[in-house]
Chemist: 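The structure that follows is given in the form of structure tokens.
Values below: every heavy atom of this structure, side chains too, minus hydrogens, waters and symmetry copies.
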Amino acid sequence: MAIEYIQQFQAGNALSLKILVPYCNAWKILRKEGGAPLSHDDAAAHVIPQRNNLSVVDADGLINGVAYHYLMFIRLKGVWSAAGKVIIATPDSTYRQLGTDVLSLVRERMDLGLNALVDRGLLTHSADQIQVLTAPPVSTEIDWPIVTTHLQSDSSAERGLGEYIAPDEYDSETNEWSSFEGWISDVRISIIAWSQNPDQRIKLRIAIKNLLIANLSVFEAHEMINIDLSQSDTEDFEGYSVPVYQVVTTLSCQAPSFVETFSPTISRVDIDPHCGLAEKIL
């Protein structure tokens with residue numbers, strides 16, 4: 001067999017062709033939509049660039065959901081002929097996003113926690129609700145105080161062999177294997193409280209610090225580890241029409257960043273008695 005089998009790249013828009021190159025002077029693989037390539041020089045077909053004799057990655061202009069026909073051609077003694085059979089494959093994006101989005105989680109816990117303190121009368125606000133945003137306010141009409149969360153950095157810190165972050169899992173209902181690829185990220189975010197009153201800033205600084213401490217169990221449940229915290233005061237007397245007093249809280253931690261990909265279970269393996277190679281049946 002020339003093309004043994006084709007697998008999807010679960011990121012989408014790409015396919016991996018596992019090939020067995022027979023003895024020949026030259027070979028090439030053609031790809032075509034709507035039907036099989038008619039000849040080695042079919043003008044309507046696309047020639048797949050060669051990389052090595054074990055696998056070929058086709059990521060040139062593939063569209064998810066479109067069926068593509070692949071066929072290998074070989075040249076012997078100056079004559080081109082088809083080798084093996086036509087294989088049809090359809091690229092698709094099927095991976096699942098997992099891991100912890102630290103910024104979104106911290107913003108949510110800030111929003112819920114600060115406004116719970118407002119409801120309890122431990123914090124005050126002109127509109128009875130503290131807004132927690134992901135960017136500095138741009139409007140001149142602001143209901144003070146407000147809080148913003150910003151991502152300072154998210155970088156890969158610890159990586160496993162082959163980028164695998166957890167053991168594969170088998171789902172008996174779907175008859176599929178799940179693989180988990182990614183790394184442990186170093187994450188730093190800023191939580192900035194904006195106020196017109198320096199005394200109110202003190203209350204916000206204490207509330208934010210204690211709120212983060214109170215949420216340590218929640219963060220741990222979302223696999224955030226090695227959490228560290230620092231705070232500092234600053235002022236902005238130029239950006240707005242009124243003096244703005246800020247407390248900047250920097251939260252750093254490590255958290256998993258990974259995706260889940262799916263593979264069908266191998267149901268049969270055929271051994272070629274002439275070359276000893278196996279054809280995998282998915």
Side-chain angles (χ1 to χ4, degrees), residues 97-119 122-159 165 182-259:
Q97 299 181 98
L98 298 174
T100 301
D101 183 357
V102 175
L103 180 64
S104 296
L105 177 60
V106 170
R107 180 196 180 187
E108 178 186 35
R109 301 310 296 180
M110 284 289 107
D111 191 359
L112 295 171
L114 290 173
N115 285 296
L117 295 178
V118 172
D119 293 339
L122 300 177
L123 289 176
T124 59
H125 192 275
S126 58
D128 295 327
Q129 184 177 19
I130 298 176
Q131 287 186 295
V132 181
L133 309 175
T134 55
V138 295
S139 173
T140 56
E141 298 181 1
I142 301 170
D143 291 327
W144 304 96
I146 65 168
V147 173
T148 59
T149 55
H150 310 259
L151 178 68
Q152 288 188 18
S153 63
D154 184 334
S155 59
S156 58
E158 299 181 16
R159 311 175 82 128
I165 197 169
W183 50 72
I184 302 298
S185 291
D186 278 334
V187 182
R188 291 174 62 86
I189 65 172
S190 295
I191 306 164
I192 305 175
W194 310 59
S195 174
Q196 288 184 288
N197 187 311
D199 292 329
Q200 188 180 53
R201 173 175 63 182
I202 294 174
K203 292 183 179 180
L204 287 167
R205 170 163 41 81
I206 295 172
I208 290 173
K209 177 181 179 180
N210 289 330
L211 181 56
L212 290 172
I213 293 173
N215 273 284
L216 287 176
S217 296
V218 176
F219 297 150
E220 181 182 358
H222 287 78
E223 300 182 300
M224 290 169 55
I225 60 173
N226 299 329
I227 296 173
D228 197 13
L229 189 71
S230 65
Q231 291 184 303
S232 61
D233 289 346
T234 186
E235 292 81 28
D236 182 356
F237 296 140
E238 299 179 356
Y240 297 90
S241 58
V242 295
V244 177
Y245 301 89
Q246 301 170 317
V247 55
V248 179
T249 302
T250 300
L251 184 147
S252 62
C253 69
Q254 291 185 314
S257 300
F258 64 104
V259 299

Chemist: Atom CZ of Arg107 and atom OG1 of Thr148: how far apart are they, to the nearest 0.5 Å?
Modeler: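 If I round to the nearest 0.5 Å, the distance is 10.5 Å.
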Chemist: Whether the side chain of Ser185 engages the backbone of Val187 through a donor-acceptor N/O pair (distance < 3.5 Å, no angle test) should be reported.
Modeler: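 No, because the side chain of Ser185 does not come within donor-acceptor range (under 3.5 Å) of the backbone of Val187.
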Chemist: Assess the side chains of Gln152 and Ser190: does a donor N or O sit below 3.5 Å from an acceptor N or O?
Modeler: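 Indeed, the side chains of Gln152 and Ser190 share at least one donor-acceptor pair under 3.5 Å.
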Chemist: Begin with the C-alpha distance, continue with both residues' side-chain angles, and end with the deciding distance and a verdict on side-chain contact (heavy atoms from CB on, under 4.5 Å) for Val102 and Leu105.
Modeler: CA-CA 5 Å; Val102 175; Leu105 177 60; 5.8 Å; no
Chemist: Working to the nearest 0.5 Å, report the span between CG of Asp236 and CH2 of Trp194.
Modeler: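 Between Asp236 CG and Trp194 CH2, I get 6.5 Å after rounding to 0.5 Å.
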Chemist: Does any part of the side chain of Asn197, heavy atoms only, come nearer than 4.5 Å to the side chain of Trp144, both counted from C-beta?
Modeler: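 Trp144 vs Asn197: side chains apart.
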Chemist: Using modelled atom types only, decide if a donor and an acceptor are shared between the side chain of His222 and the backbone of Asp101 within a distance under 3.5 Å.
Modeler: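 Side chain of His222 to backbone of Asp101, a donor-acceptor pair under 3.5 Å: no, none is there.
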Chemist: Taking the side chain as every heavy atom from C-beta outward, state whether Ile208 and Met110 have any atom pair closer than 4.5 Å.
Modeler: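 A side-chain contact exists here, since the closest heavy-atom pair is under 4.5 Å.
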Chemist: How long is the straight-line distance from CG of Leu103 back to OG1 of Thr149, given to the nearest 0.5 Å?
Modeler: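 Nearest 0.5 Å value for the OG1-CG distance: 4.5 Å.
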Chemist: Less than 4.5 Å apart, side chain to side chain, heavy atoms only: is that true for Pro136 and His150?
Modeler: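 Of all side-chain heavy-atom pairs linking His150 with Pro136, at least one is under 4.5 Å.
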Chemist: Should Phe237 and Pro243 count as side-chain neighbours, where that means a heavy-atom distance under 4.5 Å?
Modeler: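 Yes - at least one pair of side-chain heavy atoms lies under 4.5 Å apart.
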Chemist: Within a strict 4.5 Å, meaning less than it, do heavy atoms of the Pro256 and Ile184 side chains meet?
Modeler: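 In contact.
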Chemist: Report yes if the side chains of Thr100 and Phe219 come closer than 4.5 Å at any heavy-atom pair, otherwise no.
Modeler: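 No, too far: nothing below the 4.5 Å cut-off.
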Chemist: Between CG of Asp186 and CG of Asn226, what distance do you get to the nearest 0.5 Å?
Modeler: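 Nearest 0.5 Å value for the CG-CG distance: 8.5 Å.
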Chemist: Looking at Ile130 and Pro145, what are the two nearest heavy atoms and their distance?
Modeler: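 Closest approach of Ile130 to Pro145: CG2-O, 4.0 Å.
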Chemist: Might you point out which heavy atoms bring Arg109 and Leu211 nearest each other, and give the distance in Å?
Modeler: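 Result for this residue pair: O-CD2, 3.8 Å.
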Chemist: Examine distances only and state if a side-chain atom of Gln196 and a backbone atom of Val242 form a donor-acceptor pair shorter than 3.5 Å.
Modeler: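 Side chain of Gln196 to backbone of Val242: no pair is present.
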Chemist: Quick one: which of Thr249, Ile191, Ile192 gives a side chain to side chain contact (heavy atoms under 4.5 Å, CB included) with Val147?
Modeler: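 One option only clears the test, and that one is Ile191.
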Chemist: So does Glu220 have more than 12 non-hydrogen atoms from other groups sitting under 6.0 Å from CD?
Modeler: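 No, because the 6.0 Å sphere around CD of Glu220 holds 12 heavy atoms or fewer from other groups.
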Chemist: OH of Tyr245 to CG of Asp199: how many Å apart, nearest 0.5 Å?
Modeler: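 It comes to 9.5 Å.
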Chemist: Could you check whether Asn115 and Asp111, counting side-chain N and O atoms only, form a donor-acceptor pair closer than 3.5 Å?
Modeler: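 Yes, a side-chain donor-acceptor pair sits under 3.5 Å.
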Chemist: About how many Å separate OG1 of Thr234 and CD of Gln246, when rounded to the nearest 0.5 Å?
Modeler: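 Gln246 atom CD to Thr234 atom OG1 measures 5.5 Å (nearest 0.5 Å).
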Chemist: Got Thr124 and Gln200 here, is their nearest side-chain heavy-atom distance under 4.5 Å?
Modeler: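 Sidechains of Gln200 and Thr124: in contact.
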Chemist: Within a radius of less than 6.0 Å around CD of Gln231, do more than 12 heavy atoms belonging to other residues, nucleotides or ligands occur?
Modeler: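 It does: Gln231 CD has more than 12 such atoms within range.
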